> 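Mind looking over this structure? Questions follow.
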2 protein chains.
Amino acid sequence: MAGKEGPRPGGRSARVQASVHGAVQALMTRMERAEVTIPMIAAEAGVTPSTIYRRWGDIQELLADVAVERLRPDMEPVDTGIGGRDLLAWAEQYAEEMSSKPGRAMIRDVLAAQDGSGAYQCCNFTKQQIEVIAARAEGRGEAFPDVDAVMDRVVSPIMYRILFGEVPDTARVARLVTGAMELVSPAPAPV
Amino acid sequence: MAGKEGPRPGGRSARVQASVHGAVQALMTRMERAEVTIPMIAAEAGVTPSTIYRRWGDIQELLADVAVERLRPDMEPVDTGIGGRDLLAWAEQYAEEMSSKPGRAMIRDVLAAQDGSGAYQCCNFTKQQIEVIAARAEGRGEAFPDVDAVMDRVVSPIMYRILFGEVPDTARVARLVTGAMELVSPAPAPV
DNA sequence: GCCACAAAAGCAAATAATTTGCGTTTATGG
DNA sequence: CCATAAACGCAAATTATTTGCTTTTGTGGC
């Protein structure tokens, strides 16, 4: 009954979307976030402002849309041969990218949008990356913590610090990863 | 030489600040966040828009300013007699308040401001609450985890889920608190 | 208490952004 | 190739933001 909700006549053009996204990225490198206006983006993209207003509503939604695209992972986590090492390498890169100036700006843009679906998507990007690492580890017969546990023990603390406090350094990230891995590996006696 | 930087002649009036804050809070209960404009706030507060523009710059900064004030804890964590129970009670209330609609709106407002000092302040509010619980526990001779550990193991996962995914339920919060307390109490053998 | 002064606030004109109605273009299914 | 519905462009109307200037207000010195 349902059938796929195929694009109906006059569907939105991908060209406008692409040029507007490109314009946003170009402008964001040249000026402060607060300086960028929709008329500016429209001029850079070669469209009229009303097109952007009608399609995205306001600049927050547009910036969030662009940020989600840029936060989408473009490659699989590197394979070091050991799950724990994969996770450490991934976490270090994640922390570095997300605490960079553009990284933090993108996160802020995603969270600032009233539509919370962007944040949810970003969370899923992260989960999927961890799932890849977990699946590889299990394929090798290694023990690997639950994805939820990794989110709680590694991802959350990194993100919290980036958003609310000082950016986490390498040593702290390593400690978080070690702590998560100890959930499944023999915990060394602390004495 | 330095001396205290006492307010100089013509210093900013606290009355305007108070009426503008009040106007923001009043309007936020009556309408959607995206509907609230500076001219509206100015009218409600009985000041001119230019006063708000000059003092706060844009609506993001104003909303962040108001949100930080509202996120400031107004009382000490309840004292149940046991540190672990104090932490659980506090965490449950924190999770509930922060995942409520107004709570999430306030967090978003704080994070959306370009001035990151609001987020830093909110983090410190949380730390201070936990420090109170920790100090009480130590005063009783109980073992209690480091504040940083509580931030990583309890606060961060709660906040991450509120911001990026589904809100944490009571059971999850309890599990997080138990996990943090096990850092200092005899961990039960998992068999 | 009064004066001088500097920071805020009010006012209003100028500028810029946002909304909206309407005609035109464009992509899709038949 | 035609019919159609969704986007888009354009331009006028509305609304928000900026800014120069004046007036008010809070503070320290006398």
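The figures that follow rest on heavy atoms only: side chains count, while hydrogens, waters and symmetry mates do not. Keep in mind that this is a model prediction, so the values were computed, not measured. Within every chain, numbering begins at 1; the chains are lettered A, B, ... in the order of the sequence lines, protein sequences first and strands thereafter.
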> Taking the side chain from B:E61 and the backbone from B:Q114, do they hold a donor-acceptor pair closer than 3.5 Å?
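A pair under 3.5 Å: yes.
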> Salt bridge check, A:D86 against A:R140: does any charged N sit closer than 4.0 Å to a carboxylate O?
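Salt bridge between A:R140 and A:D86, a charged N being under 4.0 Å from a carboxylate O: yes.
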> Under 4.5 Å between any side-chain heavy atoms of A:D65 and A:Q17, yes or no?
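Sidechains of A:Q17 and A:D65: in contact.
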> Please tabulate the protein-to-nucleotide N/O contacts below 3.5 Å involving nucleotides 19-23 of chain C, giving atom names and distances.
from, atom 1, to, atom 2, distance (Å)
C:dG21, O6, A:R54, NH2, 2.3

> Is there a side-chain contact between A:R15 and the phosphate of C:dA27, meaning an N or O under 4.0 Å from OP1 or OP2?
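Indeed, a polar side-chain atom of A:R15 lies that close.
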> Would you mind reading off the distance between B:D58 atom CG and C:dA17 atom P, rounded to a whole angstrom?
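Answer to the nearest Å: 14 Å.
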> In this structure, how many angstroms lie between the C1' atom of C:dG10 and the CD1 atom of B:I52, rounded?
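Distance, rounded to whole Å: 13 Å.
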> All N/O contacts under 3.5 Å from nucleotides 3-7 of chain D to the protein, with atom names and distances to one decimal?
from, atom 1, to, atom 2, distance (Å)
D:dA6, O4', A:P9, O, 3.0
D:dA7, OP1, A:R12, NE, 3.1

> Please list all pairs meeting salt bridge (Lys or Arg N to Asp or Glu O under 4.0 Å) that have one or both residues in residues 150-160 of chain B, counting only residues at least two apart or in different chains.
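Sorted pair list: A:R161-B:D152, A:R172-B:D152.
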> Mind calculating the distance between CD1 (A:I38) and C1' (D:dA16) to the nearest angstrom?
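My rounded result for the distance is 13 Å.
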> Is the side chain of A:E142 donor-acceptor paired with the backbone N or O of A:A134 at a distance under 3.5 Å, no angle test?
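Checked: no pair found.
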> Give the rounded distance in Å between these two atoms: CD of A:E35 and P of D:dT18.
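Checked: the CD to P distance equals 10 Å.
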> Please compare B:I59 and A:V47 by the position of their nearest nucleotide in DNA chain D and report the one closer to 5'.
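Nearer the 5' end of the strand: A:V47.
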> Identify the residue among A:V68, A:L62, A:L63 that makes a side chain to side chain contact (heavy atoms under 4.5 Å, CB included) with A:V66.
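Only one option passes, and that is A:L62.
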> Out of the candidates A:I107, A:T126, A:V154, only one should pair with A:M159 under the side chain to side chain contact (heavy atoms under 4.5 Å, CB included) rule; please name it.
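Checked A:I107, A:T126, A:V154 against A:M159; only one passes side chain to side chain contact (heavy atoms under 4.5 Å, CB included): A:I107.
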> Is A:R70 close to A:M28 at the side-chain level, that is, under 4.5 Å between some pair of heavy atoms?
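A side-chain contact under 4.5 Å is absent here.
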> Is any side-chain nitrogen or oxygen of B:T37 closer than 4.0 Å to OP1 or OP2 of D:dA16?
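Answer yes for this pair, as a side-chain N or O of B:T37 is under 4.0 Å from OP1 or OP2.
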